[in-house]
Each structure stands twice: as C-alpha cells, then as structure tokens.
Protein chains: 2
Amino acid sequence: MTLMARTASYDRDAALEAAMTLFWTKGFHATSLKDLEVVLNMKPGSIYAAFQSKEALFRATLDRYAERMTGEMEALIARSASPLSALQRHLRGLADLAPCDRPSTACMLVKSLLEAPQDGELRTFISDHLDRVGQVIGSALEAAKSEGELPEHTDTDRLARRIQTYIFGLKVQAQRETDTARMRDLCDDLAAEIGRAAQG
Amino acid sequence: MTLMARTASYDRDAALEAAMTLFWTKGFHATSLKDLEVVLNMKPGSIYAAFQSKEALFRATLDRYAERMTGEMEALIARSASPLSALQRHLRGLADLAPCDRPSTACMLVKSLLEAPQDGELRTFISDHLDRVGQVIGSALEAAKSEGELPEHTDTDRLARRIQTYIFGLKVQAQRETDTARMRDLCDDLAAEIGRAAQG
DNA sequence: AATGAACTTGAGCAATCACTCAAGTATGCT
DNA sequence: AGCATACTTGAGTGATTGCTCAAGTTCATT
C-alpha cells in the first residue's frame, strides 16, 4: 500500500500541450530548456522529475501530436459517408491551414524527421509514427474498396503512400505559399488525383 | 592601387562544399562551429574572416545548393528532347537517391525552410530560392507547351507548383522509405500524373 | 633585405546549453 | 499533531555555444 503525499501541482496534459506547441513551432534544437520553463511554468527540477529529459519530453509531444493527427483523420473518415471523399476533403482542408490557430502549417512529424540525425533512434521513432498515419489512410482506402468506391484491383498500400506524399508536399507548400487562391487550386488539383484513382 | 600581401591558403570553393555537406546532413542548428572547424580545416578566426558569421556561411551554402539544383535540372531539360519527359525523368530519378553519394536524400532547402524561424528573414531567403527552382520547372512547362506537348490552355505556373509539391513529398518519403521497389512505384505514379496533365 | 598589408592562429570571451541536487514545502495517512 | 512521502525550488554544475582579437606568419612590393 503506497502512501500518497504531496499532489503534483502541474497539469500534465496542459504541460504536454504547451511543450508540443513550442517544439512544433521552433523545432527541437531551437527550443531551449529556458523556453520550456517559461511555457510550462515549471522549474528545471520539476521538468526533469516529470519528464526524464528534453528528448523524452520531445518524444512525448510527438506521441501526442501523432495521436491527435490520426484521431482527427479517423474522425473525419468516420463522419463522412464515403472514405474516399473524406480523404479528398482532408487534402482540400490543407488550404485552410490558418497560421493563427495552429502553431505551424508544417507537419510536426515531417519537420522533426528532417531535423533528427539520419541514423539515430529518434528517426525511426518518428518514422514509425508516420507509418501509423499511413495505415489510417490505408484502412480508409480498404473501406473505400469494399464499398465499391475503388476498383477491386487497387493497391491500397501504394495509393496510401501516394496520398501521404501529397500531404507531405502540401504541408511544405503551406509554409511558403501566401496566396490562398493558389494554395486552394493546388489542394484541389491533388484532391482530384485521388478521385481519378477511383476510376482506374 | 591595392597592395596584395599574403595569399589566402584555404580553397573557398572546397570550404563551401564541405560546409554545405555538413549543413545539409546535420541541419543548421545541429552544426556547431567546432564541426565546421574540422571539415573546413580552418580556425574560428579564419572562418569569420572568410565568411562573416555562421548564418552567413549557411546562406552561402544554400546559394550553392540552389544553384546546383537548378543547374542540374536545367541541364536535364536541355539534354532531353522533350521538356515534359525531362521532368518525368527527374521525378523517377528521385527513386535512385543513393544515401551514399549524397549527404541526404532530403532537399536542403526544404529541410532548412522547416528549421528556420517562421517569421524570420532567413525564411524568405530560402523561399525565394525555392521560387527560383519553381520557375525553372515553369519555364520547362512553357517550352513543353510551345512544342505542343501540353494543351494551349494549360496553366503552367499552377502545374509547376504541383510538380514541385510532388518533389517535396517524394524527397520526404525518400528519407524514410527503405524499400526501393515501393519508392520506385511511388515515383512512377507521380511521374505518370504529369503525363496525364499533358492530355487535358 | 625591409616594409606593410593580408591572412592565420588559438586562447579565451560572455552567454547559453542541458541538467543536477540539496534544501524547502506541501500533502495524505495514522 | 506528527510523521513520511512526494513534489517544487533555483542556485549552480561543467560543457559547449557562437564569436573576438591581439599576436604571429606569410608574401607581394619596394
């Protein structure tokens, strides 16, 4: 029987959210512990007691980000009558990535992937998360196939990889494209590609 | 009349190349001056005499990278009979990005764009370089149009943006995709998209 | 040779980095 | 109330950061 003593004063969920926002905007290397102390409103000792290290905290925020991303995507698919049109809507939605409500229009996972050392363990950690996102897309395509939206011979894994590649590219473009009309056209073009895959 | 004295002992071109390789692989923040001292074989004083600061050196390597990238692309287009198929070949070539001869399969400009502060001047510096690459693609498409490879009504700027988005996405995928066959399929798929644009 | 401009050197600057730990404080349990 | 336990605190760790500069070295010119 453990003896509970002083209760933690910080809100773990809020802290992770704040850390995620910071890492997402500034990147891992450019984020200092001083920065984290401010947004977490915690002293270094507490930070290291709660999360084991800067990198461990970073990974926790990546977990959070990935879970949210897949969650939103799954919700969008579940909400929609057609899995295929849900994916198209997701692509078109990338045109509306407001720079205000989100910390960055870039994908935190992609950003982190490119920043992480090429051969490090962190790299595979991030890549695994991206795989999981890809699997969400893949299972949506499987559902689309069984609903007759896609031809029976469709290679859903391959198509999923293509769609994820579109998302990667679009989110990079969103980082620099200021013209919203052009961004919308671009998203529409790539969304249309998915529709074309439905034909054959 | 200036009086030349001691001649510089370092090879500026080789130094820039080495710095580019380092920045490209590790990224700006993860590259320390100690790292640069080693690969440039220069002491801090010389580095700061030759290049004004770490960031100035970084920018110089970005110039070098961008010039090389556009140069290679223009050469590929010039070498080819058809501008459109040159672009397709470029996309398919992304499947063969060997991790050995190049420092990174990722695009240094994209990597740097995502690492740079959102509102900083460096960001626009990098984005301008990416614009220039986009213009190379755009003028290739213009050439394709005047040669009858593309319909007269084709919006070449828009198509150029789409192709560049493909390149962005593919180079991110190349960072994590180990299966060469799947990577090849992916590149083929996106190259085929360009061909489809030629129809209508 | 002697001169002086151009370049190299490397010790060392203040600042910051990620991180630690002993001391202090608050809380649940008896 | 009093103890034990967990959590918070923040000054301080050594290492490293980007960068400077006075002293030394090399070379074209005289």
Side-chain angles (χ1 to χ4, degrees), chain A residues 1-62 112 115-117 120-122 125, chain B residues 1-62 112 115-117 120-122 125:
Chain A
M1 125 95 63
T2 53
L3 180 49
M4 286 292 284
R6 183 174 178 180
T7 54
S9 68
Y10 74 96
D11 180 347
R12 188 161 230 275
D13 200 66
L16 277 173
E17 182 71 22
M20 188 190 82
T21 301
L22 196 58
F23 279 130
W24 190 357
T25 46
K26 303 192 69 173
F28 178 70
H29 280 113
T31 300
S32 73
L33 247 121
K34 284 267 144 50
D35 295 331
L36 287 166
E37 288 173 41
V38 172
V39 301
L40 301 193
N41 195 26
M42 289 168 82
K43 308 298 158 195
S46 297
I47 295 177
Y48 279 81
F51 318 96
Q52 157 197 160
S53 67
K54 186 192 170 187
E55 185 176 318
L57 173 56
F58 180 55
R59 291 190 189 220
T61 64
L62 285 173
S112 304
E115 199 184 348
E121 199 222 325
L122 183 60
F125 175 85
Chain B
M1 128 95 60
T2 53
L3 179 51
M4 286 292 286
R6 183 175 178 179
T7 55
S9 68
Y10 74 98
D11 181 346
R12 187 162 231 273
D13 200 66
L16 277 172
E17 182 71 24
M20 187 190 82
T21 301
L22 196 59
F23 279 131
W24 190 357
T25 47
K26 304 192 69 175
F28 177 71
H29 279 114
T31 300
S32 73
L33 250 126
K34 285 268 146 42
D35 295 331
L36 287 166
E37 287 174 42
V38 173
V39 302
L40 301 194
N41 195 27
M42 288 167 80
K43 308 298 156 195
S46 297
I47 295 177
Y48 280 81
F51 318 96
Q52 163 195 164
S53 68
K54 187 191 170 189
E55 185 176 319
L57 173 56
F58 180 55
R59 291 190 189 220
T61 64
L62 285 173
S112 304
E115 200 184 347
E121 199 222 325
L122 183 60
F125 175 85

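What you see is a predicted model, and the numbers here were worked out from it, not measured in a lab. Letters A, B, ... mirror the listed sequences (proteins, then strands); counts begin at 1.
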(message) Rounded at 0.5 Å granularity, tell me how far CH2 in W24(B) sits from CG in L62(B).
(response)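 The distance works out to 11.5 Å.
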(message) Looking at every heavy atom in both A15(B) and L40(B), which two are closest together, and how far apart are they?
(response)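 Nearest heavy atoms, A15(B) then L40(B): O-CD2, 3.1 Å.
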(message) According to salt bridge (Lys or Arg N to Asp or Glu O under 4.0 Å), does anything in residues 4-15 of chain A pair up with another residue at least two apart or in another chain? List the pairs.
(response)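 Listed by first then second residue: D13(A)-R64(A).
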(message) Give me each pair satisfying salt bridge (Lys or Arg N to Asp or Glu O under 4.0 Å) with a member in residues 26-35 of chain B, each pair once, sequence neighbours excluded.
(response)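 Qualifying pairs: K26(B)-D35(B).
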(request) Check the pair T31(B), F58(B) against side chain to side chain contact (heavy atoms under 4.5 Å, CB included), reporting the backbone distance first and the verdict last. (result) CA-CA 10 Å; T31(B) 300; F58(B) 180 55; over 6 Å; no
(message) Within residues 9-24 of chain A, which residues have any heavy atom lying less than 4.0 Å from an atom of DNA chain D?
(response)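 The answer is S9(A), Y10(A).
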(message) Give the residues of residues 31-51 of chain B touching DNA chain D, defined as any heavy atom closer than 4.0 Å, sorted by residue number.
(response)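 Correct list: T31(B), S32(B), L33(B), K34(B), P44(B), G45(B), Y48(B).
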(request) Check for a donor-acceptor pair, side chain of E115(B) on one end and backbone N or O of G27(A) on the other, with a separation under 3.5 Å. (result)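 Side chain of E115(B) to backbone of G27(A): no pair is present.
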Short heteroatom pairs, N/O only, protein and nucleotides 23-27 of chain C, under 3.5 Å:
residue	atom	partner	partner atom	Å
dG24(C)	N2	R6(A)	NH1	3.4
dT25(C)	O2	R6(A)	NH1	2.9

(request) Indicate yes or no: at least one non-hydrogen side-chain atom of F23(B) is less than 4.5 angstrom from one of L57(B). (result)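 A side-chain contact exists here, since the closest heavy-atom pair is under 4.5 Å.
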(message) Test of understanding: with side chain to side chain contact (heavy atoms under 4.5 Å, CB included), list the residues that count as partners of A60(A), not counting sequence neighbours.
(response)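 L16(A).
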(message) If the condition is side chain to side chain contact (heavy atoms under 4.5 Å, CB included), which residues does V39(B) pass it with, not counting sequence neighbours?
(response)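 A18(B), L22(B).
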(request) Please report, rounded to the nearest Å, how far the C1' atom of dC7(C) is from the CD atom of Q52(B). (result)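 In whole Å, dC7(C) C1' lies 18 Å from Q52(B) CD.
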(request) Would you mind listing every side chain to side chain donor-acceptor pair (under 3.5 Å) that reaches into residues 38-58 of chain A, with sequence neighbours excluded? (result)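 Only E55(A)-R59(A) qualify under side chain to side chain donor-acceptor pair (under 3.5 Å).
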(request) Please report how far the helix from dA1(C)-dT30(D) to dT30(C)-dA1(D) bends, comparing the axis fitted to its first five pairs with the axis fitted to its last five, to the nearest 10 degrees. (result)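 Rounded value for the end-axis angle: 0°.
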(request) Kindly write out the residues that satisfy ring pair (Phe, Tyr, Trp, His ring centres under 6.0 Å) with F125(B), not counting sequence neighbours, or none if the list is empty. (result)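 In terms of ring pair (Phe, Tyr, Trp, His ring centres under 6.0 Å), with neighbours along the sequence ignored, F125(B) is linked to H129(B).
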